[in-house]
4 protein chains.
Amino acid sequence: MTSGPPLTALSSADSLAVPPMRDRLQGIFPPIPTTFDSTSGDVNERAISANVRRWMDTGLAGVLTLGSNGEAGSLDEDESDRVVAAVRAEMPRNRTLLVGTGRESTRATIRATTRAAALGADAVLVRTPSYFKAQMTTDALVTHFRAVADASPIPILLYNLPGVTGITLTVPIVAALAEHANIVGMKETSPELERLGQCVQLVNGRFAVLSGWAPVAYPALVSGAAGAILAVANVLPAECVSLLELTRAGRHAEAIALQRRLTPIAQLVSSVHGVAGLKLALELRGFHGGPVRGPLLPPSSEARAVIAQALSQFDR
Amino acid sequence: MTSGPPLTALSSADSLAVPPMRDRLQGIFPPIPTTFDSTSGDVNERAISANVRRWMDTGLAGVLTLGSNGEAGSLDEDESDRVVAAVRAEMPRNRTLLVGTGRESTRATIRATTRAAALGADAVLVRTPSYFKAQMTTDALVTHFRAVADASPIPILLYNLPGVTGITLTVPIVAALAEHANIVGMKETSPELERLGQCVQLVNGRFAVLSGWAPVAYPALVSGAAGAILAVANVLPAECVSLLELTRAGRHAEAIALQRRLTPIAQLVSSVHGVAGLKLALELRGFHGGPVRGPLLPPSSEARAVIAQALSQFDR
Amino acid sequence: MTSGPPLTALSSADSLAVPPMRDRLQGIFPPIPTTFDSTSGDVNERAISANVRRWMDTGLAGVLTLGSNGEAGSLDEDESDRVVAAVRAEMPRNRTLLVGTGRESTRATIRATTRAAALGADAVLVRTPSYFKAQMTTDALVTHFRAVADASPIPILLYNLPGVTGITLTVPIVAALAEHANIVGMKETSPELERLGQCVQLVNGRFAVLSGWAPVAYPALVSGAAGAILAVANVLPAECVSLLELTRAGRHAEAIALQRRLTPIAQLVSSVHGVAGLKLALELRGFHGGPVRGPLLPPSSEARAVIAQALSQFDR
Amino acid sequence: MTSGPPLTALSSADSLAVPPMRDRLQGIFPPIPTTFDSTSGDVNERAISANVRRWMDTGLAGVLTLGSNGEAGSLDEDESDRVVAAVRAEMPRNRTLLVGTGRESTRATIRATTRAAALGADAVLVRTPSYFKAQMTTDALVTHFRAVADASPIPILLYNLPGVTGITLTVPIVAALAEHANIVGMKETSPELERLGQCVQLVNGRFAVLSGWAPVAYPALVSGAAGAILAVANVLPAECVSLLELTRAGRHAEAIALQRRLTPIAQLVSSVHGVAGLKLALELRGFHGGPVRGPLLPPSSEARAVIAQALSQFDR
């Protein structure tokens, strides 16, 4: 397994070194949490920087910051900007920085996107607005994403997470948006592979789909996903990169065996215990974890025991 | 029908004039929209002020600002503050100003609550956080609302709107929170009356429940609701106040007849056409309406015709 | 409180004694359970007869048999017929026998309806088919109910129970069907009163809506429901009849107080413990209860204690 | 591609010819529709026989009769038996006959299972009861399936179809049931692969999982599914068998290309147009199709055109 992207990417002049966005999405990205100070509860940029440096020592293609696992909804705009700046500062140019910039209004989404681009984001991930569910028609969603894509100086990825938002980006909506030159892909955060299998075929396969559901990462990859954005990749980056490489190499038996080893811990740090579970697991692996912001609660001692036990399977 | 609260409230010294919050919630409140400038899309405080002055000429008990109909999620913190200040400036001391201050984090909710209090809010309405649905356990919700109530200088009302948030404040959660001295009531935004009927009995009836679903306002009131927060009360304030008064006076046949007249237009300006429908209806009644912010779309010409037709039933 | 329907109904010739179906639906109906033998698990017609005789000593307008609480889905066609015959035999002509005859196919529903009519049913209650959810369009549902109504020798009532079936009879569907001469009303089994409030106005109020949700029975009645079909009316028939009579007499304070007394036990014998809870409560009140059929489980000892405690509030 | 199961299975004495059930589930099964006479609407056994003979000329491992696509809920018990008998008569001993025998009660499910076994079923597929949703606890479901498995003379398969029933067989429920010697597998009818990936590992992989969702058949197979029960396999049996064989042979690029060709027609004959679409497609391919039973509606002319167009891609 490599501990970084292909060397060719580093060997030439900078302007040549960075391939088009579509190629840069072929990989594993952790949706990194935002580390808070245990005492003040403020954003702890030093801890974030330290984490990012460690992630950059692995074969991860880049990181997503300010996603769900980044508790983006619990940060104010100033905090958001500081997190992006801190992360970018630790990332080489040839690693891809994705930033979550979805807001409830089109106007605020555009502003957040513009700021993220100015701070060095390579692309942004824009979740569906969802407050006015009854009004989030196909027309409303297509209009929203097109307006953001028109205004954004950098490529955008759609973010479908129906379990959180109650809104689904259907295949017809995605197909309409995939025609936009500045919309280069999507993150599909659900265990359903029917939609993913259809979206990977859009615009002749030039639309990149990233899976956001670790327990189906292997079947998503064999179904055509370009890569994956996985909470568990924060904790076990090498193993997640290995899953992708085994699959690409056609070593399916090994890939499925690794998928099965990863599923239990992946569930614990996402659907079961959420961000609190993820931060705890990071601490157990020597990263900075720190507290979650309310309304999230700290993990119970039972959660701690279960996560420690699951992680111990991966000790070297 | 009176065109304001009881005169006794005005006749004595100010400190005596304002009854306890529980009594002040006995009435009809419009959840007022935030008026935006048609050209710039910015908050139009002059238009908001003009609207509030007109509402103050009716028997409304007060207003709710920065609720769902206020497109609160599409405003930044500075805009939010300016709206609250503009509204308060037009409201006499004895009219009740409710402000929506729910945010996704406990920390941001407390900050918004503190600012609203400083700007003259009489009480705040705090919606359930909902992003991390799987983690919004009874414990998490009770802890969140208690923290906000502890920190708030003014009384708080819980805001249950399961259709929007996917989170339900169950009767046991409400019962636990109703014991808190600074939690004085709730807004129940659903057509279900089972929960409302149980919540009105909490703490020996000292917990005020406001209905937020106009088509069931009459049955909610006879079931013990203290009052109601109704989008249609923006457009037809006198009629909504009349509904409350007829019900209290035991004139049930007239009340139910009025309910039936109000239901169609109430549906058009809420569930059917949302805030865009509400703003359009306001314009048709001579108020300032103005555009909605994306991702909401402007009303179709068909919506315009239907709303105009429904409103024409109420012309004098 | 009367112990039966108005005497006038009994005083004249039989053909005159029975008013039109719409009037006969003005009242309280228990959805009676099907009593099974504790040893063999077979239908126990003697026990059913004994129960019906007791119910006929109260002011109940009639009964519903083979509804959800009758475990209709767990009976074969022969058992169903025997239950209907046993119930009818104990009911005077002027009490109304409603029979649940909904099946998954139109064909089977018509057959069950025809048989129920032959066995003496006064009207049938037809639940929405629901297996093929994606295909249960407005067209499919309207076509189904019209076919049943065309074929039925007796009036039919629509049965809306979205919590069980996942299918909703929307107001437009009900409005289309209410025009049919043989469709005289509906049972609305949900805590939502918005739809009920709209359906009671159909065909100039000639369409009878029966509430099927006890905790909102009072607000449903004041909103125009003709009556109610309530599991708790099996256990506390006099109290449920009293709720209707107080409401009709305009004694609202007493009605709402009674509603509040009834709600806890009503929840225990329906949403909380289901048919097993209902049968247990019947035994505690001296009726025949007996076992439930699997997959339902017998009530736990904890359920038994809670139900006994709630019922003790109604001891004379 | 073979046009039937391995010849070895036919070459020896009958008792040796039939491998254990687990091995017999490794394959593709069509959930065959029940053909009705266009005039009378009665079960048309001759047409069913003719269809089965054609299916037996392909490499299908067997068939499922009386599943959702068999309109099982629209058949009476006598019709059900006649269908099973007709199908079995056309199937060689070494092809596997699965029969759907789920009913709403444990008692009726056991009776249907016993009759299916007597009529020659090799195994039965038992869907979750779902009428009393609130009472379908883990305990109730485990007790139900264990009772059926104890009583059944032949192996049973669990049938999870949450989209239809609103009930989910969670991994813990399946794990508990997989320990039962007479429960040999399950059909998972959903696009979610997370649960499937966990169930294939139960009892050391001795628990067979069949996918019931054609658009994810390939990723299900690579994730460990033993085979699949697919509506589209009625229409395109050879292509579906080929999908399985390509996957098993490690020819992943060809398998995924075939999956992509199959997905559009698979959707048309299941989620989009349901059984009516399936029967229409069968007619277009020269099988007997015939009418659906109400409440299902006949396919629209638009559906007919779309299905014909999709099928034309598969003409030889």
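All values reported here derive from a predicted model rather than from experimental measurement. Just so you know, these numbers use all the heavy atoms, side chains as well, and skip hydrogens, waters and symmetry mates.
B:A47 and B:T35 get closest at one heavy-atom pair: CB-CG2, 3.7 Å.
Contacts of residues 157-168 of chain A with chain B at a heavy-atom distance below 4.5 Å involve A:L161, A:G163, A:V164, listed in sequence order. Contacts with chain B (heavy atom to heavy atom, under 4.5 Å) involve these residues of residues 289-308 of chain A, listed by number: A:R293, A:G294, A:P295, A:L296, A:L297.
Tested against A:V124 for a side-chain contact (heavy atoms from CB on, under 4.5 Å), the candidates A:L98, A:T101, A:L64 yield a single pass: A:T101. Shown are A:T113, A:I183, A:N182, A:T143; of these, the side-chain contact (heavy atoms from CB on, under 4.5 Å) with A:V148 is made only by A:T113.
Of the two parts of B:Y131, the backbone and the side chain both hold a non-hydrogen atom closer than 4.5 Å to a non-hydrogen atom of chain A. Of the atoms belonging to B:S270, it is backbone heavy atoms, and not side-chain ones, that fall under 4.5 Å from chain A. Only the side chain of A:R127 comes within less than 4.5 Å of a heavy atom in chain B; its backbone stays farther off. For chain B, the nearby parts of A:D139 are the backbone and the side chain; heavy atoms of each come within less than 4.5 Å. Residue contact with chain A, scored on non-hydrogen atoms closer than 4.5 Å, involves the backbone of B:V272 exclusively. Residue contact with chain A, scored on non-hydrogen atoms closer than 4.5 Å, involves the backbone and the side chain of B:A140 alike. Contact of B:S271 with chain A is made through the backbone alone, with heavy-atom distances under 4.5 Å.
Looking at A:I173 and A:V142, their side chains come closer than 4.5 Å, going by heavy atoms from C-beta outward.
Chosen from A:E77, A:H273, A:K133, A:R107, the residue pairing most often with chain B at heavy-atom distances under 4.5 Å is A:R107.
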